[in-house]
Amino acid sequence: MTTRPSSPTRDWILHVDLDQFIAAVEILRHPELRGKPVVVGGSGDPTQPRTVAATATYEAREHGIHSGMPLRTALKRCPDAIFLPSDPPAYEAASERVMAVLREFPVRVEVWGWDEAFIGATTDDPEALAAGLQDAVRARTDLSCSVGIGDNKHQAKLASGFAKPAGIYRLTSDNWAEIMNARPTDALWGIGAKTSKKLAALGLHTVADLAAADPAALAGAFGPTNGPWYRYLALGKGEAEVVTTPWIARGHSRETTFPHDLTDKTEITRHVTALAEHVAHDAATAGREVIRVSVKVRFTPFLTRTRQSKLPTPTADPDILARTAVAILDRFDLTRPVRLLGVAVDYTMPDK
DNA sequence: TCTGGGGTCCTAGGACCC
DNA sequence: TCTGGGGTCCTAGGACCC
């Protein structure tokens, strides 16, 4: 029995992160694959070009395979790996079972994608709550999760990363500086490779550097919102409100990377029409109307361009959306081979 | 490692208007 | 007439995240 210093009863944010979620769901469906190198992605055909791994089991990772790697490369690295097609409905179903388990606790649950949730709770023992959540999820779904504990979502999110796999970690304003100050700026949730490099060029290499930086100088370099926000992140601050009402999507999109380039205008137009009709169908199913249509074209080798236009009237009419998308397509210079086409829409938002 | 798909939010610049 | 300044809308692109 370990003893912890007791905490006062107060509000905490927990971040629950399912470990290796997609791979774990696939292993549950195919128990005979446990302990084997498994790669999930695309239609599961590793010879298909321009398809990448959604995830890889630890056994596959030992061969240097990781998510985002082309399946053809993964096959070369591990010819014995088992390749499975991605099955989003199965992951959605598993995710809903997990979220239902979390909601049985006396907490507030904010779903954050398939494999994550933020929990708002009032307790004097957040570690005990975290362990209870882990036990319940494991008992009811056979899935393992890591739990981060923080004063806000940013801290809790980073803490769950430190807790992996299957652990519990507390990162609050009390130990923030001790744990985070020496780390590179891209350890923060919201600062990636590009911004980290730009910060380094300003002499800001660590979280401590960024926390001590001049907000006005950051605003000059990164804009009035982003610049000060980065410093705010470095100080360990972040959103602390858990929203339990379902998220209302801002928009929706469908895109396709073709295994081989398209050059024929008629064929390109046919694909854009189909994508637009698909998006229109999705919008109608969701009971939403569209206010803006965007078309995305990725040319060979990897040059991406977008064009968009606002509709005069919101609609989910497939003919209007398809006609609009095809008209937008005409604004592209289509002399180069095309490897990807996409159609995206912005929805009208309900009045607040 | 020739590089998926689906999202969100921010920024910059041009058009247009007063 | 060689030339303002602010506000708003729209578009294109970028960065980040899962």
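Each chain gets a letter, A, B and so on, in the order the sequences are listed, and its residues count up from 1.
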Practice task
Any pair with a residue in residues 21-63 of chain A that passes ring-ring contact (aromatic ring centres under 6.0 Å, His included), sequence neighbours left out, goes on the list, sorted by first then second residue, please.
Solution key: none

Which is true for [X] with a 4.0 Å heavy-atom rule: it touches a base, it touches only sugar-phosphate, or it touches nothing?
X: A:W229; value: nothing
X: A:A53; value: nothing
X: A:T300; value: nothing

Could you check how far [atom1] of [X] sits from [atom2] of [N], rounded to whole Å?
X: A:I248; N: B:dG7; atom1: CD1; atom2: P; result: 15 Å
X: A:F222; N: B:dC10; atom1: CZ; atom2: C1'; result: 13 Å
X: A:R288; N: B:dG7; atom1: CZ; atom2: P; result: 11 Å
X: A:K296; N: B:dG6; atom1: NZ; atom2: P; result: 9 Å
X: A:E92; N: B:dG7; atom1: CD; atom2: C1'; result: 14 Å
X: A:R298; N: B:dG6; atom1: CZ; atom2: P; result: 12 Å
X: A:R250; N: B:dT8; atom1: CZ; atom2: P; result: 7 Å
X: A:L303; N: B:dT3; atom1: CG; atom2: P; result: 16 Å

Can you check whether [X] has a side-chain N or O nearer than 4.0 Å to OP1 or OP2 of [N]?
X: A:T257; N: B:dG5; answer: yes
X: A:H252; N: B:dG7; answer: yes
X: A:R339; N: B:dG4; answer: yes
X: A:R50; N: B:dG4; answer: no

Practice task
Name the residue closer to the 5' end of DNA chain B, choosing between A:R254 and A:P224 according to the nucleotide with the nearest heavy atom.
Solution key: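 Per heavy-atom nearest nucleotide, the more 5' residue is A:R254.
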
Exercise for the section: Return the 5'-most residue of the pair A:P49, A:G251 with respect to DNA chain B, ranking by each residue's nearest nucleotide. Expected result: A:P49

Practice task
Identify whether the distance between the nearest side-chain nitrogen and carboxylate oxygen of A:R254 and A:D282 falls below 4.0 Å.
Solution key: yes

Practice task
Give DNA chain B the dot-bracket treatment, 5' to 3': Watson-Crick (N1-N3 with N6-O4 or O6-N4) or G-U (N1-O2, O6-N3) under 3.5 Å, [ ] crossing, | other strand.
Solution key: ....||||||||||||||

Practice task
Report, as yes or no, whether the 6.0 Å neighbourhood of atom CD1 on A:I248 holds more than 12 heavy atoms from other residues, nucleotides or ligands.
Solution key: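 No, because the 6.0 Å sphere around CD1 of A:I248 holds 12 heavy atoms or fewer from other groups.
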
Exercise for the section: Scan residues 56-74 of chain A against DNA chain B and write down, sorted by residue number, each residue with any heavy atom closer than 4.0 Å; if none is found, say none. Expected result: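 Nucleic-acid contacts, sorted: A:H66, A:M69, A:P70, A:T73.
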
Please tabulate, one pair per line, all N/O donor-acceptor pairs under 3.5 Å involving side-chain atoms of residues 219-245 of chain A, not counting sequence neighbours.
residue : atom : partner : partner atom : Å
A:R231  : NE   : A:A211  : O            : 3.2
A:R231  : NE   : A:A213  : O            : 3.3
A:E239  : OE2  : A:E241  : N            : 3.0

Problem - Spacing of the C1' atoms in C:dG4 and B:dC17 (rounded, Å) - result: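 Pairwise C1' distance, B:dC17 against C:dG4, rounds to 14 Å.
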
Salt bridge (Lys or Arg N to Asp or Glu O under 4.0 Å) involving [X] - partner list, sequence neighbours excluded:
X: A:R50; value: A:D261
X: A:D319; value: none
X: A:D346; value: A:R292

Exercise for the section: Please examine the side chains of A:E110 and A:W247, heavy atoms only from C-beta on, and report whether any two atoms are closer than 4.5 Å. Expected result: no

Identify all side-chain donor-acceptor contacts of residues 99-108 of chain A below 3.5 Å with residues at least two apart in sequence or on another chain.
residue : atom : partner : partner atom : Å
A:E104  : OE1  : A:R140  : NH1          : 3.0
A:E104  : OE2  : A:R140  : NH2          : 3.2

Exercise for the section: Could you check which of B:dG6, B:dT8, B:dT3 has an atom nearest any side-chain atom of A:S253? Expected result: B:dG6

Tabulate below the donor-acceptor pairs under 3.5 Å that side-chain atoms of residues 67-80 of chain A make, not counting sequence neighbours, or state none.
residue : atom : partner : partner atom : Å
A:R72   : NH1  : A:T47   : O            : 3.4
A:R77   : NH1  : A:G64   : O            : 3.0

Quick one: side chains of residues 328-343 of chain A, donor-acceptor pairs under 3.5 Å with protein atoms, not counting sequence neighbours, listed by atom name and distance.
residue : atom : partner : partner atom : Å
A:D330  : OD1  : A:K265  : NZ           : 3.0
A:R331  : NH1  : A:Q308  : O            : 3.4
A:R331  : NH2  : A:Q308  : O            : 3.2
A:D333  : OD1  : A:T335  : N            : 3.3
A:D333  : OD1  : A:T335  : OG1          : 3.0
A:D333  : OD2  : A:T335  : OG1          : 3.4

Exercise for the section: Only pairs at least two apart or in different chains count here, so list each side chain to side chain donor-acceptor pair (under 3.5 Å) that has a residue in residues 172-193 of chain A. Expected result: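 Listed once each, the pairs are A:D151-A:S173, A:Q155-A:S173, A:T185-A:S196.
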
Exercise for the section: State the OG1-CD1 distance between A:T315 and A:I291, to the nearest 0.5 angstrom. Expected result: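 Output value for this atom pair is 10.0 Å.
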
Fill in the blank from the handout: B/S/- along nucleotides 11-18 of chain C (protein heavy atoms under 4.0 Å) is BBS-SSSS

